[in-house]
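Report on the following structure.
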Amino acid sequence: MSGQKQPVVGIIGMGDMGRMYAKRLKAGGVDSIYVCDKPESYETLQKEFEGTGIIPLPNGHSVSRLSDFIIYSVEAAALTAVVREYGPSTKIGAVVAGQTSVKAPEKEAFENYLPEDVGITSVHSLHGPTVTTEGQPLIIIHHRGPESNIKMVEDVFRSFKSRYVYLSYEEHDEVTANTQAVTHAAFLSMGTAWKNSSSYPWETARYVSGIEVVKVNITLRIYSAKWHVYAGLALLNPSAKIQIQQYSKSVTELFKLMVENKQKELQDRVWESREKVFGWKKNQDPPSSSSSSTSSSSSSSSENHQIRDPILLSEKILDEFSLGGSSNLNSSSSSSSPSNEGVNVNSSTPNSHLSLLAMVDCWSKLGIRPYEHLTVAGTPVFMLWIGVAEYLFRSTSLLSSAIQAALSDRIHRPDDIEFVVAARGWSECISFGNFDLYQKRFEETSNFFSPRFEEATKLGGRMIKAIQDMQAGKKTNGEPNVQ
Ligand SMILES: NC(=O)C1=CN([C@@H]2O[C@H](COP(=O)(O)OP(=O)(O)OC[C@H]3O[C@@H](n4cnc5c(N)ncnc54)[C@H](OP(=O)(O)O)[C@@H]3O)[C@@H](O)[C@H]2O)C=CC1
Ligand SMILES: O=C(O)C(=O)Cc1ccc(O)cc1
């Protein structure tokens, strides 16, 4: 950012994301950064940032008065009140952004409470605070003001080396409902199902291998994070309820076909969803080489068009990140891996993978094109979730054995029941739009898993990096990309 006159950057909300932004922007060459949190945190911030060149101020009024580019980085549910309070103090001609994960309330608050002479060019980094910014999507939403403001925002974030994605406010919420909100619903449900079975998946004398590793690590990663981030993007996004309801409907309907032993209906439905989402014909394995592009169609396979290379997760790489510990790593590898949501099972028995059958069914029913979304605005979590779905659906033999297990296996049935109940519970909770209920559900499960958070977040970070490097065709040294 050297050479030209730099904009003064202001950050309101010094939580995980605000701090990450302040530190990275400073390291990336932004000269003047003013920050604040709630007034009661002023002194602590002053001590913490002494000598760093990041300047804490008492409140959002001071930050807004002095800064040319102001980023609100507060809880989604608090944003309206915070903008109502500080927005009127915004410097004439400044540009305002929000880091908020859901944009409908942000748009309304900015339109209602920012002075007319203030531009709105918002942002959203599609990753958590501990993941590297490099190569990750950074959504830029230019909503109001001169076009030159876009260049100013791009320049401010240049050092992040993120991939800029340009969307409108509405496009943002639609794409993140399809990617983040519904994906989180699946992982939240897995966690609740495990908790209600009083079972730690890595402790049940079984080999947590292959795609189960992703399920366990990402579930723990989500439950170790702040509940309000997930609550905000699910409860306040107008599109998210529909997606999450469809997911729970897909889970329930597939489960009913399983218990009614309706073999043909279940098979037809699963194979149809495979063709619609991935474009692969029934009984045909796609070519195994990574150069084969994955197709996606929202209506029929004849409309398929090439989207991007498949993810091609390998059991080998995933097994390196098993939370089970080396003592568990001696079973046979698993096209017949252990339970999906399940507990107390023998590693060699195939299971229904109900969470994944339902995910692909949900994408199919809603006409969601996961690979397209991934290309535009995928998060690391979404990439892994597509990766495991692709892994199961790619192989006709794996998918057939999952369908067979869904119909005939009784060992995993209790786990599947827990999963159905959990998915319905999360969907209902989100449809009520009640933050307190969400927090209670989230914290009950997160308390259950908390003893393993430290290990799981490190392992999950390394797993995400290894798979992203694999995707980028880079060789990984196994070091985490977490700071
Ligand atoms: N964490 C993530 O993975 C990501 C989060 N986001 C979004 O970024 C935003 C921030 O998230 P995150 O940093 O994780 O959350 P945090 O809870 O860590 O940070 C929010 C901060 O804002 C502070 N705050 C609340 N009210 C005010 C106020 N009136 N004035 C100044 N500061 C205030 C909070 O204080 P207090 O704690 O006292 O309430 C807290 O320190 C959210 O909207 C989230 O959706 C976006 C991408 C990723
Ligand atoms: O990748 C995910 O889905 C995450 O869970 C991390 C995350 C959370 C909130 C965001 O707004 C962006 C990324």
Side-chain angles (χ1 to χ4, degrees), residues 10-23 34-42 44-45 48 56-64 70-87 89 97-106 109 122-131 133 136-139 162 165 172-173 175-188 217-237 240 373-374 377-386 439 442 457 460-461 464 468 482:
I11 299 176
I12 297 177
M14 284 293 277
D16 295 337
M17 291 303 283
R19 272 158 204 272
M20 186 270 272
Y21 263 36
K23 288 178 187 167
Y34 294 114
V35 300
C36 76
D37 202 85
K38 286 183 176 157
E40 55 266 35
S41 306
Y42 176 44
T44 321
L45 282 183
E48 187 182 338
L57 295 174
N59 56 49
H61 291 298
S62 341
V63 171
S64 300
I70 298 131
I71 306 160
Y72 283 82
S73 190
V74 303
E75 297 91 332
L79 183 84
T80 303
V82 179
V83 177
R84 190 190 300 128
E85 188 176 358
Y86 303 134
S89 299
Q99 173 62 252
T100 340
S101 309
V102 50
K103 296 299 186 187
E106 179 189 297
S122 197
V123 295
H124 181 195
S125 285
L126 281 189
H127 56 84
T130 57
V131 174
T133 52
Q136 306 286 358
L138 194 168
I139 296 180
S162 293
V165 176
H172 171 281
D173 280 358
V175 84
T176 53
N178 290 342
T179 53
Q180 291 193 279
V182 72
T183 303
H184 296 157
F187 286 106
L188 289 169
N217 285 350
I218 300 297
T219 299
L220 264 70
R221 201 174 167 79
I222 285 174
Y223 276 106
S224 69
K226 289 185 174 153
W227 70 270
H228 74 72
V229 174
Y230 300 103
L233 66 84
L235 301 181
L236 300 176
N237 184 334
H373 290 317
L374 184 60
T379 64
V381 168
F382 186 58
M383 187 263 289
L384 285 167
W385 191 223
I386 301 179
Q439 180 179 11
F442 189 97
T457 46
I464 289 173
Q468 281 182 332
V482 292

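Whatever order the structure lists them in is the order used to number ligands and atoms, beginning at 1. Only a predicted model underlies this, so the values are computations on that prediction, with no experimental measurement involved.
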Query raised in the report: So Leu126 and Ile139, side chain to side chain contact (heavy atoms under 4.5 Å, CB included) or not? Walk me through it.
Result: CA-CA 7 Å; Leu126 281 189; Ile139 296 180; 3.8 Å; yes

Query raised in the report: Looking at OG of Ser162 and CG of Leu138, how far apart are the two atoms once the value is rounded to the nearest 0.5 Å?
Result: 5.0 Å

Query raised in the report: What is the closest protein heavy atom to atom 19 (O) of ligand 1, and at what distance does it sit?
Result: Gly15 CA, 3.2 Å

Query raised in the report: Going by the order shown, which atoms of ligand 1 are within less than 4.0 Å of some heavy atom of Ser125?
Result: 47 (C)

**Report entry** Polar contact flag for Val229 and ligand 1 (N/O pairs, less than 3.5 Å)
**Finding:** no

Report summary line: for atom 3 (O) of ligand 2, nearest protein heavy atom and its distance come out as His184 NE2, 2.7 Å

Query raised in the report: Tell me, which protein residue and heavy-atom name are nearest atom 18 (O) of ligand 1, and how many Å apart are they?
Result: Lys226 NZ, 2.5 Å

Report task. Supply the atom-to-atom distance Ser41 OG to Asn59 CG, rounded to the nearest 0.5 angstrom. Result -> 12.0 Å

Query raised in the report: Do the ring planes of Phe442 and Tyr223 sit parallel (below 30°), tilted (30 to 60°) or perpendicular (above 60°)?
Result: tilted

Query raised in the report: When you check the side-chain N and O atoms of Ser122 and Glu106, is any donor under 3.5 Å from an acceptor?
Result: yes

Query raised in the report: His373 pairs by side chain to side chain donor-acceptor pair (under 3.5 Å) with which of Asn178, Thr379, Thr176, Thr179?
Result: Asn178

Query - Best match, Val74, Ile71, Thr379, Asp37: closest heavy atom to atom 43 (O) of ligand 1 - result: Val74

Report summary line: In ligand 1, the atoms that come under 4.0 Å of a heavy atom of Tyr86 are 29 (N), 30 (N)

Requested in this report: Provide, to 0.1 Å, the distance between atom 5 (C) of ligand 1 and the closest protein heavy atom, together with that atom's residue and name.
Outcome: Met17 CG, 3.5 Å

Query - Pro129 neighbourhood, listing ligand 1 atoms whose heavy-atom distance to it stays under 4.0 Å - result: 1 (N), 2 (C), 3 (O)

Report task. Mark yes or no for whether Asp173, through its side chain, and Ala104, through its backbone, hold a donor-acceptor pair below 3.5 Å. Result -> yes

Requested in this report: State whether the side chain of Lys103 and the backbone N or O of Asn237 hold a donor-acceptor pair below 3.5 Å, judged by distance alone.
Outcome: no

Query - side chain to side chain contact (heavy atoms under 4.5 Å, CB included) evaluation trace for Ile11 with Tyr34 - result: CA-CA 6 Å; Ile11 299 176; Tyr34 294 114; over 6 Å; no

**Report entry** Residue-ligand contact Phe382/ligand 2, heavy atom below 4.0 Å
**Finding:** no

Requested in this report: For Met20 and ligand 1, answer yes if some heavy atom of the residue is under 4.0 Å from a ligand atom, otherwise no.
Outcome: no

Report task. Only heavy atoms count here, so choose which of Glu75, Gln99, His124 is nearest to atom 37 (O) of ligand 1. Result -> Glu75

**Report entry** ligand 2 contacted by Val229 (non-hydrogen, < 4.0 Å)
**Finding:** yes

Query - For atom 6 (N) of ligand 1, the protein heavy atom that lies nearest, with its residue and separation - result: Ser101 OG, 3.3 Å

Query raised in the report: Is ligand 2 under 4.0 Å from a heavy atom in the side chain of His124, in the backbone, in both, or in neither?
Result: side chain

Report task. Starting from atom 5 (O) of ligand 2, find the nearest protein heavy-atom neighbour and note its residue, name and distance. Result -> Tyr230 OH, 3.0 Å

Report task. Could you tell me the residue and atom name of the protein heavy atom closest to atom 10 (C) of ligand 2, and the distance to it rounded to 0.1 Å? Result -> Gln180 NE2, 3.2 Å

Query raised in the report: Is the shortest N/O to N/O distance between Lys38 and ligand 1 below 3.5 Å?
Result: yes

Query - Numbered atoms of ligand 1 (with element) below 4.0 Å of Gly128, judged on heavy atoms - result: 3 (O)

Requested in this report: Identify, for atom 48 (C) of ligand 1, the protein heavy atom at the shortest distance, and state residue, atom and that distance.
Outcome: His127 O, 3.2 Å

**Report entry** Residue and atom name of the nearest protein heavy atom (relative to atom 6 (C) of ligand 2), distance in Å to one decimal
**Finding:** Gly128 N, 4.0 Å

Query raised in the report: Gly232 near ligand 1, heavy-atom distance under 4.0 Å?
Result: no

**Report entry** Gln99 (side chain) donor-acceptor with Gly18 (main chain) under 3.5 angstrom
**Finding:** no

Report summary line: Closest to atom 29 (N) of ligand 1 (heavy atoms only, candidates Leu79, Ile222, Ile12, Val82) is Val82

Query raised in the report: Which distance, rounded to the nearest 0.5 Å, do you find between the CD of Glu40 and the CG of Leu45?
Result: 10.5 Å

Report summary line: Closest heavy-atom approach to atom 17 (O) of ligand 1 among Glu40, Glu106, Met14, His228 is made by His228

Query - Ser125 N/O under 3.5 Å from ligand 2 N/O - result: no

Query raised in the report: Under 4.0 Å from any heavy atom of Gly13, which atoms of ligand 1 are there?
Result: 22 (O), 32 (N)

Query raised in the report: Can you list the ligand 2 atoms lying under 4.0 Å from a non-hydrogen atom of Ser101?
Result: 9 (C), 10 (C), 11 (O)

Query raised in the report: Judging by distance only, is a nitrogen or oxygen of Thr379 under 3.5 angstrom from one on ligand 2?
Result: yes

Report summary line: Rounded to the nearest 0.5 Å, the CE atom of Met14 sits from the OH atom of Tyr21 at a distance of 13.5 Å

Query raised in the report: Quick one: are Ile12 and Ile71 in side-chain contact, heavy atoms under 4.5 Å?
Result: no

Report task. Within a distance under 4.0 Å of any heavy atom of Ala76, pick out the atoms of ligand 1 and give their elements. Result -> 43 (O)

